[in-house]
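See below for the structure under consideration.
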Amino acid sequence: RTLTYFFIGILFGITLFKSEAASWFRIYEMFQFKSFHMYGIIRSALVLGDIITQSIKRFKIKSFYGNTMTLEQAKIAKKQLDGGIIFGLGWALVGACPGPIFVLLGAGFTPVLVLLFFATLGTFVYGKLKKRLPH
């Protein structure tokens with residue numbers, strides 16, 4: 001199973017790179033509202049996700065492990081909205097969210113190692129401070 005996930009990840013990375021979803025320029029264009037390219041990719045992902053979700057519900061599709069999947073209505077808290085805003089600001093400033101960092105590294109863009117270092121550092125610091133942060 002791990003090998004299956006590995007190849008799915010490689011296929012996903014190739015798709016991100018070939019569609020230019022990992023392109024700093026495309027992300028920059030998106031946040032300046034100068035191009036529909038990234039919004040089209042995001043919209044396509046939302047539509048596909050909705051189709052898959054409705055298929056899981058309608059046809060009672062089981063997980064890869066044979067377990068029944070249940071989908072519950074999500075409750076959005078203010079902290080999730082705040083986190084999304086912070087994530088979006090970081091994405092806009094840096095031009096990459098965590099997934100494309102690895103795609104760009106795999107494509108040979110070594111300056112992205114700086115992003116990887118600070119993303120890892122931020123995750124580490126969050127882990128250390130998590131108990132002290134408001135719930």
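Keep in mind that what you see is a predicted model, and the values were worked out from it rather than measured.
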Work out which heavy atom in [X] is nearest to a heavy atom in [Y]; give both atom names and the distance.
{"X": "A22", "Y": "L104", "answer": "O-CD2, 3.4 Å"}
{"X": "I101", "Y": "A119", "answer": "CD1-CB, 4.3 Å"}
{"X": "C97", "Y": "F87", "answer": "CB-CZ, 3.5 Å"}
{"X": "M30", "Y": "Y39", "answer": "O-OH, 2.8 Å"}
{"X": "A107", "Y": "F17", "answer": "CB-CE1, 3.5 Å"}
{"X": "W24", "Y": "V94", "answer": "CD1-O, 3.3 Å"}

### L93 atom CG: more than 12 heavy-atom contacts under 6.0 Å
yes
### Message
Taking CZ in F124 as the centre, count heavy atoms belonging to other residues, nucleotides or ligands within less than 6.0 Å. Is the count above 12?
### Response
no
Roughly how far, to the nearest 0.5 Å, is [atom2] of [Y] from [atom1] of [X]?
{"X": "F64", "Y": "M69", "atom1": "CZ", "atom2": "CE", "answer": "8.5 Å"}
{"X": "F118", "Y": "T123", "atom1": "CZ", "atom2": "OG1", "answer": "13.0 Å"}
{"X": "Y65", "Y": "N67", "atom1": "OH", "atom2": "CG", "answer": "9.0 Å"}
{"X": "I14", "Y": "S19", "atom1": "CD1", "atom2": "OG", "answer": "11.5 Å"}
{"X": "L121", "Y": "L116", "atom1": "CG", "atom2": "CG", "answer": "11.0 Å"}
{"X": "L16", "Y": "L11", "atom1": "CG", "atom2": "CG", "answer": "10.0 Å"}

Can you check whether [X] reaches [Y] side chain to side chain, under 4.5 Å on heavy atoms?
{"X": "S35", "Y": "Y28", "value": "no"}
{"X": "F7", "Y": "L3", "value": "yes"}
{"X": "V47", "Y": "I51", "value": "yes"}
{"X": "I41", "Y": "R26", "value": "no"}
{"X": "Y126", "Y": "L133", "value": "yes"}

According to a hydrophobic-cluster definition based on side-chain heavy atoms being under 4.5 Å apart (Ile, Leu, Val, Met, Phe, Trp, Tyr only), do [X] and [Y] belong together?
{"X": "V103", "Y": "I10", "answer": "no"}
{"X": "L48", "Y": "I42", "answer": "no"}
{"X": "F36", "Y": "I27", "answer": "yes"}
{"X": "F117", "Y": "F109", "answer": "no"}
{"X": "L46", "Y": "M38", "answer": "yes"}

